Chemist: 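Got a structure for you, written out below as structure tokens; questions coming shortly.
Keep in mind that the numbers below use all heavy atoms, side chains included, and drop hydrogens, waters and symmetry copies. Being a predicted model, the structure only gives us computed values, none of them experimental.
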Amino acid sequence: MLCVRKWSFYLVFCLLLPFKAIGFSSFNYSTWNLEWLSSTPSSKFTASQRSDADYQALRHHFQRTESDIIAFQEVNDAEALRRVIGNDYRLFFSDRSHPDNRHRQFTDINQFTGIAVRHGISVSDKPDLKLDKESNSRLRFAAYVVVAPESNQPLHVLSVHLKARCSGAYKANAACRKLKQQGQALNRWIQQREVANQRYLILGDFNHNLSYPSDWLWQEITQGSSALLATKSTQAVCKVRSRKQPNKTHQFRSLIDHVITSHQLTTKNVSQVAYQTPDLFKYQLSDHCPIRFTL
């Protein structure tokens, strides 16, 4: 009997040890820009006007990602998000969404970043990383959490949504200058993590093709670091409904949603989860497809 108890204790100890040592292993991650997702749609943005059937279609598509942790962008409120991902997650919205930050919010509809973490996974909320220099900025707040903060290897995670209209070569215009500043802010954050020997993930909508050879923004973000682009070889398979010709589809030639990791991490099965073509004409989905992967 004593021997049985001894081995039972040993078994429980061994089962608990890997989580303590590795912390965030074997979780499924995803990132998804949900395009003006809001429970209070705006007359200004057609994409925000969704029916129950639209939400059901989004929820079905989300379930295909099998996510434990999702970085989201362009979400106005928790009610709308829960209609897509359900109630099995803790929601960490950008600090910009908090009531004491009304001065950083738009009055009708907002595009917040955030991170949803499945119940049972240890996580701590951290202050946003503000990516714009302007003191009155109402955009570009990267939501920030630490997964498995009590473990020997906590994981620092950012959900980002960077400046649009500078997806390719650098041009001396306002959009590219703004995007460059945001890349430099991410680089400072990466440098801080690496000096402290901390593991990190940056996920989200970069509005830019980081995987282009010698891309200027990738160089800005990763200068002097050992960061890796997990989506470097990921195929762009996402088709969406064409804005100019709503009865036709449009397929993006390259990714603008990306996953950046610290050098200690290995990702596998990094892929875009494409919509079924008939669904594009039946439902109001999103102009982005989610990207999923496993650490």
Side-chain angles (χ1 to χ4, degrees), residues 31-38 42 44-45 47-48 70-77 81 91-116 125-145 156-168 170-193 200-210 215-223 225 227 229 231 255-260 286-288 291:
T31 179
W32 196 6
N33 180 320
L34 284 153
E35 193 187 10
W36 294 111
L37 190 74
S38 176
S42 168
K44 298 178 185 178
F45 305 105
S48 70
I70 174 173
F72 57 84
Q73 302 85 42
E74 291 200 31
V75 176
N76 181 73
D77 58 276
L81 183 60
L91 308 183
F92 298 90
F93 272 78
S94 162
D95 298 341
R96 190 170 69 85
S97 68
H98 297 172
D100 56 354
N101 278 328
R102 295 285 187 195
H103 62 292
R104 297 192 183 279
Q105 301 170 16
F106 297 98
T107 55
D108 54 349
I109 190 171
N110 285 274
Q111 295 182 324
F112 297 125
T113 61
I115 299 168
D125 195 10
K126 305 285 282 186
D128 284 357
L129 175 65
K130 188 173 178 296
L131 298 175
D132 280 352
K133 291 183 177 180
E134 292 81 358
S135 59
N136 61 345
S137 176
R138 296 183 181 183
L139 293 169
R140 316 310 166 194
F141 286 68
Y144 179 11
V145 303
H156 296 251
V157 184
L158 286 183
S159 174
V160 303
H161 186 189
L162 303 191
K163 177 67 177 174
R165 294 186 290 279
C166 185
S167 60
Y170 183 85
K171 298 176 182 178
N173 58 31
C176 287
R177 287 195 296 270
K178 177 78 72 175
L179 185 60
K180 184 176 181 178
Q181 291 177 0
Q182 294 166 3
Q184 291 169 343
L186 287 175
N187 178 256
R188 289 190 292 271
W189 186 85
I190 288 173
Q191 297 278 7
Q192 292 167 359
R193 304 285 74 73
Y200 58 83
L201 272 179
I202 306 176
L203 311 91
D205 179 3
F206 288 77
N207 270 310
H208 190 87
N209 179 14
L210 294 179
D215 177 64
W216 68 267
L217 181 59
W218 173 248
Q219 293 176 352
E220 288 288 346
I221 292 173
T222 61
Q223 183 178 10
S225 79
L229 185 61
T231 44
L255 297 183
I256 61 172
D257 300 284
H258 288 285
V259 177
I260 298 174
S286 171
D287 56 356
H288 292 249
I291 290 178

Chemist: For Asn33, what residues pass the side chain to side chain donor-acceptor pair (under 3.5 Å) criterion, not counting sequence neighbours?
Modeler: Glu74, Asp205
Chemist: Checking side-chain contact (heavy atoms from CB on, under 4.5 Å) for the pair Ile109/Ser48: CA distance, chi angles, key distance, verdict?
Modeler: CA-CA 9 Å; Ile109 190 171; Ser48 70; 3.7 Å; yes
Chemist: Give, for atom CD1 of Ile256 and atom OG of Ser167, the distance between the pair rounded to the nearest 0.5 Å.
Modeler: 7.5 Å
Chemist: Can you name the salt bridge (Lys or Arg N to Asp or Glu O under 4.0 Å) partners of Lys178, sequence neighbours left out?
Modeler: Glu134
Chemist: If I compare all heavy atoms of Leu217 with all of Gly183, which pair ends up nearest, and what's the gap?
Modeler: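 Heavy atoms of Leu217 and Gly183 come nearest at CD1-CA, 4.0 Å.
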Chemist: Tell me every residue that passes side chain to side chain donor-acceptor pair (under 3.5 Å) with Asn209, counting only those two or more places apart in sequence or in another chain.
Modeler: Ser211
Chemist: Evaluate the side-chain proximity of His156 to Leu201: yes if any heavy-atom separation is below 4.5 Å, no if none is.
Modeler: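 No, every pair of side-chain atoms sits at 4.5 Å or beyond.
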Chemist: First locate atom NE2 of His288, then atom CG of Asn207, and finally report the distance between them rounded to the nearest 0.5 Å.
Modeler: 6.0 Å
Chemist: To the closest 0.5 Å, what do you measure between CD (Gln111) and CZ (Arg140)?
Modeler: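 Spacing of CD (Gln111) from CZ (Arg140) equals 7.5 Å.
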Chemist: Under the side-chain hydrogen bond (donor to acceptor under 3.5 Å, both in side chains) criterion, do Asp132 and Gln181 qualify, and how do the steps go?
Modeler: CA-CA 7 Å; Asp132 280 352; Gln181 291 177 0; over 6 Å; no
Chemist: With a 4.5 Å heavy-atom cut-off, do Ile291 and Leu203 have their side chains touching?
Modeler: no
Chemist: Partners of Trp218 by ring pair (Phe, Tyr, Trp, His ring centres under 6.0 Å), sequence neighbours excluded?
Modeler: none
Chemist: With the side chain counted from C-beta on, respond yes when Asp77 and Ser38 share a heavy-atom pair under 4.5 Å apart, and no when they do not.
Modeler: yes
Chemist: Before giving the answer on side-chain contact (heavy atoms from CB on, under 4.5 Å), spell out for Thr113 and Val160 the whole-Å C-alpha distance, their side-chain angles and the decisive distance to 0.1 Å.
Modeler: CA-CA 7 Å; Thr113 61; Val160 303; 6.0 Å; no
Chemist: Check whether any side-chain heavy atom of Ile221 lies under 4.5 Å from a side-chain heavy atom of Ile260, and answer yes or no.
Modeler: yes
Chemist: Is there side-chain contact between Ile115 and Val157, with at least one heavy-atom pair below 4.5 Å?
Modeler: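 When only atoms from C-beta onward are counted, Val157 and Ile115 do touch, with a gap below 4.5 Å.
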Chemist: So how far is it from Trp36 CH2 to Asn110 CG, rounded to the nearest 0.5 Å?
Modeler: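 Interatomic distance, Trp36 CH2 to Asn110 CG, rounded to 0.5 Å: 8.0 Å.
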Chemist: Can Trp216 and Leu179 be said to form a side-chain contact (heavy atoms from CB on, under 4.5 Å), step by step?
Modeler: CA-CA 11 Å; Trp216 68 267; Leu179 185 60; 4.1 Å; yes
Chemist: From Leu186 CG over to Ser225 OG, what is the distance, rounded to the nearest 0.5 angstrom?
Modeler: 11.0 Å
Chemist: Treating Arg96 as the side-chain partner and Ala142 as the backbone partner, does any N or O pair qualify as donor plus acceptor under 3.5 Å?
Modeler: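 Side chain of Arg96 to backbone of Ala142: no pair is present.
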Chemist: Could you tell me whether the side chain of Val259 reaches within less than 4.5 Å of the side chain of Ile202, counting heavy atoms only?
Modeler: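 Contact flag for Ile202/Val259 side chains = no.
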Chemist: Determine whether Leu158 and Leu129 make a side-chain contact, defined as any pair of heavy atoms from C-beta on separated by less than 4.5 Å.
Modeler: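 Touching, per the 4.5 Å side-chain cut-off.
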Chemist: Excluding sequence neighbours, so at least two apart, what forms side chain to side chain contact (heavy atoms under 4.5 Å, CB included) with Ala175?
Modeler: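 Ala175 satisfies side chain to side chain contact (heavy atoms under 4.5 Å, CB included) with Lys163, Arg165, Cys166, Asn173 once adjacent residues are dropped.
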Chemist: Strictly below 4.0 Å, N to O, side chains only: are Asp108 and Lys44 in salt-bridge contact?
Modeler: yes
Chemist: As an exercise, state the distance from CH2 of Trp189 to CG of Leu131, rounded to the nearest 0.5 Å.
Modeler: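 If I round to the nearest 0.5 Å, the distance is 10.5 Å.
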Chemist: Listed by chain and number, what are the ring pair (Phe, Tyr, Trp, His ring centres under 6.0 Å) partners of His161, not counting sequence neighbours?
Modeler: none
Chemist: Is there a side-chain contact between Phe141 and Asp95, using heavy atoms and a 4.5 Å cut-off?
Modeler: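 They are not in contact (no side-chain heavy atoms under 4.5 Å apart), so the answer is no.
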Chemist: Kindly give the heavy-atom pair with the smallest separation between Phe92 and Ala143, and that separation in Å.
Modeler: O-CB, 4.3 Å
Chemist: Going by the rule side chain to side chain contact (heavy atoms under 4.5 Å, CB included), which residues pair with Asn187 if we only count those two or more places apart in sequence or in a different chain?
Modeler: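 Gln191, Gln223.
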Chemist: Just jot down the side chain to side chain donor-acceptor pair (under 3.5 Å) partners of Asp125, sequence neighbours excluded, or say none.
Modeler: none
Chemist: Which residues satisfy the ring pair (Phe, Tyr, Trp, His ring centres under 6.0 Å) test with Phe93, sequence neighbours excluded?
Modeler: Phe72
Chemist: Can you see whether Ser94 engages Asp128 through a side-chain donor-acceptor pair at a distance of less than 3.5 angstrom?
Modeler: yes
Chemist: Residues two or more places apart in sequence or in another chain: which of them pass side chain to side chain donor-acceptor pair (under 3.5 Å) with Asp215?
Modeler: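 By the side chain to side chain donor-acceptor pair (under 3.5 Å) rule, Asp215 matches His208.
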